[in-house]
Undergrad: 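One structure is given below, represented as structure tokens, and several questions about it will come after.
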Amino acid sequence: MQDYLSTLNPEQRAAVEHTGKPLLILAGAGSGKTRVITTKIAYLIREKGYNPYSILAVTFTNKAAREMKERACRIEGRAENAMLRTFHSFGAWFLRRNAEAAGLSPNFTIYDDDDTAALLATIMAGAPKGEVRAAAGRIARAKDYFLDPDSLELPLVDHRKEFRVIYRRYEDRLREIGNVDFGDLIKKPVEILRNNPAIKARIHDRFRVIMVDEYQDANIAQFELLRELYADGAYICVVGDDDQSIYSFRGAEVQNILQFPQKFDGVDTIRLVRNYRSVAPILNLAGIVVNNNAGRLGKELVAERGDGKTPRLVFVQDQDTEAKFCANLVERAVDAGGAYSDWAILYRTNAQSLGFETEFLRRRVPYRVVGSLKFYEREEIKDALALLALMCNPRDEVAFRRVVNKPVRGIGGTTVERVLEQASGVGGDLLAALNEAQTGMTAKARQGVQSFLTALDEARGLLAGNTPSDDDGVAEADGAAEVAEIDGNGVAREKPGKRDKRDAGEKGGKKEKPARPLLKGAEGLSLCVAALAEGSGIAGYHHANDDIKGESRLANLQELVNAASLYPASADGLAEFLEHIELDRSIENAEDNETDMVTLITLHNTKGLEFKKVIMTGVEQGVFPRWDKRDAELEEERRLFYVGVTRAMDELYMTCAEIRRVWGQTQMMEPSVFLHEARDADIKLIGDVPWSWENHRRTTG
């Protein structure tokens, strides 16, 4: 009967066997928290006599809920009758059984993001699509914060008076229709439990054990639901890691876990600190950096796997050398008998994947992009490339159809077909035919067509007589590399001596994001690409799509602009640029059936994953963290660094570029503040150590 407990370490067993008072399990990275949760469910049923029907365990993904149930049932079959759900799944279950109290039919429909935006469009008549989606996002955030249209704190989400009106009208329309959105799945059960004592008593009688997984990811509304579900005499246990709270942009509130001991009486805290994933040097680096956060409960991870390789900090010349270095590292390991799947390339934003994708495609290194489309499959990139293709070849019907009415210019399908027919009379030139077809269009359509054609003409004009500057503004640093240097091909060579460099007095200083980021400061062919993306309205369209994805899509367009800066500002340069992209895409399509692949993934998407060998890239001030991060936001970025480091099992590399193409210009970079927080013993340096690194070490001791 006790065999299933014998595999637990002392802290895990203490957490499993704990009963009575509320319990906070601080589960460090790789400490076996899922084993603890599932074993605890089985233990409460088998050893403590709890009715499985009285156990509620909630988490954040359906996959995690299924895994928890399967593992608990392998220990104790009766766990099948426990309720293991996501927060939203539980909310839907609750509302369907208490629909009348919510003013709903039990057969209500749950609106997703698109449904919400569609309903808001009827309320915000005539508003641009991007504005509607932004309002939908803010309403969702308000519900995450447990705010209604009359809440005094609503200005924290949107200070404009009209937002309060829109939110109220949206809620009225939802009530009239009789449906709910995802935010309601949490918010409405809380309201019912607060306002209906009979239902609350029935729920309290039903659920005598309440467990929450990944508690650091809970938002305010979910905390309020947890508080209403809990009754005196019930047992509550939450499991999470304050050092891995990285989803504030989704509404997660780290204070939920930090203040748990103050929110419930008599809380016991058990720390799971034995890490079964990473070797000691990796955990040492993660710990010394995250210890700089003031907002944490504190724990020190212990490496059960023992000692291993010290993390490498690799200084490279630029992002191209960075990509070559990563490819070389992977290829050498595979040649020595390793697997591509051993490796993961981590980066702060999706846009950073382009350099690695390009290098890997040309070398035939198989890869997969996790959590997003491959770079050239992203909608905004396809749109920009279609504009460039149409500028090169005005007979390109596929490109014309894709962008002629995007963003909406009042050019309907009938007009498009008429233009295609008329093009035969002007040598197939679709742009000339579009110009001629304006006669029968509405004023709005004519204005849209003129704007579209003008943007193409202006971008084409930039190809005449514009060449990239010979002086890229790069200054070499005064410093030394004790271990190795990285040459222009990304190859690390042993280098015993020091190398003198010229002083770089202009290094450092905050780089401000320009008001029109794609256009301002662009040079070479990138100026043409940026001007076309801006002038056509594609950049604005994707930026306004919504509060979160819009920034990401703009960053992807910026990365395309950066890539174009390597080509001359001429018609031939543009043709060469598009040719290279098309060749890369054809290689990509040919190799989609590979199974042994390098993983390309953002830091946010790595949570819960692990890899034998990790390269965390772009660890530079302004990239990771961004310049605008301060106070609580900077602490979350530091937790993100901690998450990235603790994904590595055996080997960790971090890359830091001396220069990087940012906002269409080549800029000097500095090592991230997180790297400066590491001790000399925590990292091994490779490459030409920049002046800023040496200077910081000297001045801070």
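Because the structure is predicted, anything quoted here is derived from the model rather than measured.
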Undergrad: How about CZ on Arg208, more than 12 heavy atoms from neighbouring residues, nucleotides or ligands closer than 6.0 Å, or not?
TA: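 Result for CZ/Arg208: enclosed.
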Undergrad: Parallel, tilted or perpendicular for Phe87 and Phe60, by the 30°/60° rule?
TA: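 Judged by the thresholds at 30° and 60°, the geometry between Phe87 and Phe60 is tilted.
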Undergrad: Would the number of heavy atoms belonging to other residues, nucleotides or ligands and lying under 6.0 Å from CD of Glu153 be above 12?
TA: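 Yes, the 6.0 Å shell around CD holds more than 12 heavy atoms from other groups.
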Undergrad: Relative to Phe108, does Arg96 satisfy both conditions: NZ or CZ under 6.0 angstrom from the six-membered ring centre, and within 45 degrees of the ring's axis?
TA: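 Yes - Arg96 lies over the ring of Phe108, closer than 6.0 Å to its centre and within 45° of its axis.
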Undergrad: With sequence neighbours excluded, tell me which residues meet side chain to side chain contact (heavy atoms under 4.5 Å, CB included) with Asp150.
TA: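 Only Asp148, Arg168 meet the side chain to side chain contact (heavy atoms under 4.5 Å, CB included) criterion with Asp150.
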Undergrad: Using the six-membered ring wherever Trp is involved, compare the ring planes of Phe249 and Tyr247 and label them parallel, tilted or perpendicular (cut-offs 30° and 60°).
TA: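 Because their plane-to-plane angle is over 60°, the rings of Phe249 and Tyr247 count as perpendicular.
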Undergrad: Not counting sequence neighbours, which residues clear side-chain hydrogen bond (donor to acceptor under 3.5 Å, both in side chains) with Asp217? List them please.
TA: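 With sequence neighbours excluded, Asp217 shows a side-chain hydrogen bond (donor to acceptor under 3.5 Å, both in side chains) to Lys607, given in chain and number order.
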Undergrad: For atom OH of Tyr276, is the number of surrounding heavy atoms from other residues, nucleotides or ligands below 6.0 Å larger than 12?
TA: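 For Tyr276, atom OH is crowded (more than 12 foreign heavy atoms under 6.0 Å).
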Undergrad: For Glu191, which residues count as a side-chain hydrogen bond (donor to acceptor under 3.5 Å, both in side chains) partner, sequence neighbours excluded?
TA: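 With neighbours one apart ignored, the set is Lys187.
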Undergrad: Could you state the interatomic distance from CD (Glu635) to NZ (Lys629), rounded to the nearest 0.5 Å?
TA: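 Between atom CD of Glu635 and atom NZ of Lys629 there are 13.0 Å.
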Undergrad: First locate atom CG of Leu24, then atom CZ of Arg271, and finally report the distance between them rounded to the nearest 0.5 Å.
TA: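 One gets 8.0 Å once the value is rounded to the nearest 0.5 Å.
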Undergrad: To the closest 0.5 Å, what do you measure between CD (Glu677) and CZ (Phe641)?
TA: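 Going from the CD atom of Glu677 to the CZ atom of Phe641 covers 8.5 Å.
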Undergrad: Taking atom CG as the centre, does Asp113 end up with more than 12 heavy-atom neighbours from other residues, nucleotides or ligands that are less than 6.0 angstrom away?
TA: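 Not more than 12 within 6.0 Å, no.
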Undergrad: Find out whether Asn219 and Glu253 are in side-chain contact, i.e. whether some heavy atom of one side chain is under 4.5 Å from a heavy atom of the other.
TA: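 No; the side chains remain at least 4.5 Å from each other.
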